[in-house]
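Before any comments, here is the structure.
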Amino acid sequence: MSRELTDQEVQRHQSRTWLLENGFQPYGYAWDVTHQATEIPALFDAAYPEGTEEDPAEARKVKVSVAGRMMTQRIMGKAAFFNLHDETGKIQVYIRRDDLPEGYYNEVFKKRYDLGDIVGVSGFVFRTKTGELSIHAERLELLTKTLRPLPIVKETEEKSYGGLEDKELRYRQRYADLAIHPEVREVFRKRSQLISAMRRFLDANGCLEVETPALQPIYGGAAARPFTTHHNALDMQLFMRISDELYLKRLIVGGYDRVYEIAKNFRNEGLSRFHNPEFTMMEVYVAYQDYQWMMDFVEQMIRYIATELHGKPEVKVGDHQISFTEPFKRVTMFEAIAQKTGHNLYGKTRDEIAEVAKQLHIEVDASMGSGKLIDEIFGAYVEHTLIQPTFITDYPVELSPLAKRHRNDPNLVERFELICNGKEICNAFSELNDPIDQRERFESQTRLKSGGDDEAMMMDEDYLRALELGMPPTAGLGVGIDRLAMIMTNQDSIRDVILFPLLRPEVTH
RNA sequence: GAUCCCGUAGCUCAGCCGGUAGAGCAACUGCCUUUUAAGCAGUGGGUCACAGGUUCGAAUCCUGUCGGGAUCACCA
């Protein structure tokens, strides 16, 4: 594939060739980085206590060596300034013709360096006339020649200019987005910190991190359509996991009392600002506990994570200040619906509930059971109104084929979801460990499947065999990491918390 | 999958009641040894997403395609 180069690219290619032909390495091997940009002010302040900064005898004593991209430059004849951006921030560099080897400033720096190039600088730290802390370069080396122009961001105190606004380019060329937008790098740094905080919390609570198959012969653990693939050597159909739930519970049967996995799940469904076909889910299973215990556990975990990320158990999301401080509200699904719609559906028959749904302008068709209807009403009238973290508890049994029946009502299960900023971020239940009940639930799922519900679960005989060996009472929890990351980083699209979101293939004309 | 909006220079955008493309930054050539959106003088750069149609003439109007965004539906 060949492509017409733009004039700026042609010039950069020519510079690369010139450098090679004149004994300069356009792609260096290493640079001894002693400091990062944001460390330099403190270093300088420590070296020059009040009043000693102006003393000429004291000058040139703070030596640093840094590396990064040259992002803006101001050339003034025989001297120049540029801003060097590294992972942590930026620092201004001052270079003078007479400090560099003969000819380097005019022939190499001025003619062959371009914005975006990665350079190494070493020298001493000083303060310019206008007060900006800068590095007076004693050595300057080109470490990586860029062959394409990088969008340059210029900024004043109040405003920044340029940058990449095109969402498509930012997602497709995330490297460019990250390279020029420190705030985007910060979002993904926060995501990483979120996951490591979660891991610390789980580890500290005696949970064992495990790995289970992503390629599964039988998929299960959620209601979703899978991706299908094929193993050649075994000539076998495999599914990309939609959940790791059934494997983790096998490990509980095996005698590990607390296990968790941070897993990529794959669901063959539509894309939206809340859905990416592959997404990250943390699931944890704790033996000898129930969903009430799990509510306390997840509440502590979320509070811990928020505090680790923001220094306090609060976060601003859009126009809302969300607090994880107080005990989270706990409301049953029926109470929540009654509060928002005025209809108490508890104990009502399927047809009575369908009548209410119609009054509430929800499309009802004959295949919808009472559980489905209740879920629809909840989705339409309640979920988006729950901004502060709220536990919704006690779901209809037909929505939850892997959850244990409620101890006080066999039509319900002991399940909760944590809703925050109008979206579900956790789902948990007391795990069903009666193999006979589980078999019946699978069978009713199988009937749904043959009735055309392609999201219904498959019968999993091996999982039933495991339950027949005895699984202790267990509480299980799933946390949507991407959704949680959206809240913790104040992003309103899942694509802004996934480094490389799925897009249609790029077409080149 | 449905509806609406968007696609113009490397980047950000203007032009869109039809007359053959513009600005700022970036680039190039000069001048300038403490600038900071550096400045001053000059120069180049576009199959206006793609393909058709209407028209004497289309970036502009119409149709289709591709890509993206938003909303809706299913799901976390």
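Proteins get letters first, then strands, A, B, ... in listed order; numbering begins at 1 in each.
The side chain of Glu165(A) approaches C13(B) more closely than any other nucleotide in the set C13(B), A73(B), A37(B). Taking the side chain of Pro149(A) as heavy atoms from C-beta on, and the options C32(B), G69(B), G10(B), the nearest nucleotide is G10(B). Relative to the side chain of Lys78(A), the nucleotides C11(B), U33(B), U35(B) differ in distance, and U33(B) lies closest. Between U35(B), A70(B), A27(B), one nucleotide has an atom nearer to the side chain of Arg273(A) than all others, and that is A70(B).
For Phe274(A) and Phe279(A), the gap between ring centers reaches or exceeds 6.0 Å. Taking the six-membered ring for Trp and the full ring otherwise, the centers of Tyr104(A) and Phe24(A) sit less than 6.0 Å from each other. Between Phe391(A) and Phe328(A), the distance from one ring center to the other falls under 6.0 angstrom.
Among the atoms of the strands shown, only primed sugar atoms or phosphate atoms (P, OP1, OP2) are found under 4.0 Å from some heavy atom of Leu169(A). Gly478(A) comes within 4.0 angstrom of nothing in the nucleic acid, heavy atoms only. Here Lys111(A) lies out of heavy-atom contact (under 4.0 Å) with every strand. Contact annotation for Tyr171(A): backbone-only contact, meaning every heavy-atom pair under 4.0 Å involves sugar-phosphate atoms and none involves a base. Heavy atoms of Gly480(A) sit nowhere under 4.0 angstrom from any nucleic acid atom. No engagement by Glu283(A) is indicated, since no non-hydrogen atom pair under 4.0 Å with the nucleic acid exists. Contacts of Ile152(A) with the nucleic acid, taken as non-hydrogen atoms under 4.0 Å apart, are absent. Residue Asp99(A) is out of contact with every strand shown, counting any heavy-atom pair closer than 4.0 Å. Counting non-hydrogen atoms under 4.0 angstrom, Glu132(A) reaches a base of the nucleic acid. Residue-level contact check: Asp166(A) touches the backbone only, with heavy atoms under 4.0 Å from sugar-phosphate atoms and none from bases. Across all strands, Arg495(A) comes closer than 4.0 Å only to sugar-phosphate atoms, never to a base (heavy-atom distances).
The distance from atom CD of Glu155(A) to atom P of A38(B) is 10 Å, rounded to the nearest whole Å. The CZ-C1' distance, from Arg60(A) to U34(B), rounds to 14 Å in whole Å. Atom P of nucleotide U34(B) and atom CD1 of Ile95(A) are separated by 13 Å, given to the nearest angstrom. When the P atom of U29(B) is taken as reference, atom CD of Gln14(A) falls 11 Å away, rounded to whole Å. Put simply, CG on Asp177(A) is 15 Å from C1' on G68(B), counting in whole angstrom units. In this entry the distance linking CG of Asp117(A) with C1' of A27(B) reads 13 Å, nearest Å. If you take CG of Leu115(A) and C1' of C28(B), they are 13 Å apart, rounded to a whole angstrom. One interatomic measurement links the two molecules: CG of Leu133(A) to P of U35(B), which rounds to 16 Å at whole-angstrom precision.
The base of U35(B) lies close enough to the side chain of Gln92(A) for a donor and an acceptor atom to sit less than 3.5 Å apart. Donor-acceptor pairing under 3.5 Å, judged by distance alone, is present between the side chain of Gln8(A) and the base of A26(B).
Between C56(B) and A14(B), the two P atoms lie 32 Å apart (nearest whole Å). Nucleotides G68(B) and C31(B), compared at atom P, are 48 Å apart to the nearest Å. Nucleotides A58(B) and G15(B), compared at atom C1', are 14 Å apart to the nearest Å. A2(B) sits 38 Å from A21(B) when the P atoms are compared, rounded to a whole Å. Separation of the P atoms belonging to C62(B) and U54(B) is 15 Å when rounded to the nearest angstrom. Remark: the separation of the C1' atoms in G57(B) and G39(B) is 44 Å, to the nearest Å. Taking the P atom of each, U47(B) and U60(B) are spaced 16 Å apart, rounded to whole Å. U3(B) and C16(B) have their P atoms separated by 29 Å, with the value rounded to a whole Å.
Using modelled atom types and a 3.5 Å distance limit, the side chains of Gln92(A) and Tyr94(A) yield no donor-acceptor pair. Using modelled atom types, one finds a donor on one side chain and an acceptor on the other under 3.5 Å when comparing Arg74(A) with Thr72(A). For the residue pair Ser122(A)/Ser65(A), the side-chain donor-acceptor check at 3.5 Å is not satisfied. For the residue pair Tyr171(A)/Asp166(A), the side-chain donor-acceptor check at 3.5 Å is not satisfied.
Distances shown here put a side-chain N or O of Arg504(A) below 4.0 Å from the OP1 or OP2 atom of G67(B). For the OP1/OP2 pair of U35(B) and a distance below 4.0 Å, the side-chain nitrogens and oxygens of Arg74(A) include no atom meeting the criterion. For the OP1/OP2 pair of A26(B) and a distance below 4.0 Å, the side-chain nitrogens and oxygens of Lys154(A) include at least one atom meeting the criterion. Here Arg12(A) does not reach the OP1 or OP2 of A27(B): none of its side-chain N or O atoms lies under 4.0 Å away. Distances shown here put every side-chain N or O of Arg172(A) at or beyond 4.0 Å from the OP1 or OP2 atom of G69(B).
In this entry A9(B) has no Watson-Crick or G-U wobble partner, no candidate having both defining distances under 3.5 Å. Taking a pair to require two hydrogen-bonding distances under 3.5 Å in either a Watson-Crick or a G-U wobble arrangement, U20(B) remains unpaired. Pair assignment for A70(B) gives U3(B), based on Watson-Crick or G-U wobble hydrogen-bonding distances that are each under 3.5 Å. Nucleotide C40(B) forms a pair with G30(B), judged by Watson-Crick or G-U wobble geometry with both contacts under 3.5 Å. When both pairing distances are held under 3.5 Å, A49(B) makes a Watson-Crick or G-U pair with U65(B).
Applying the 6.0 Å contact sphere to CD of Gln359(A) captures more than 12 heavy atoms from other residues, nucleotides or ligands.
Relative to the ring axis of Phe324(A), Arg303(A) does not place its NZ or CZ within 45° and under 6.0 Å from the centre.
Both Ile425(A) and Asn83(A) sit near RNA chain B, but only Asn83(A) has its closest nucleotide nearer the 5' end. Each of Ile75(A) and Tyr94(A) lies near RNA chain B, and the nucleotide nearest Tyr94(A) is the one positioned closer to the 5' end.
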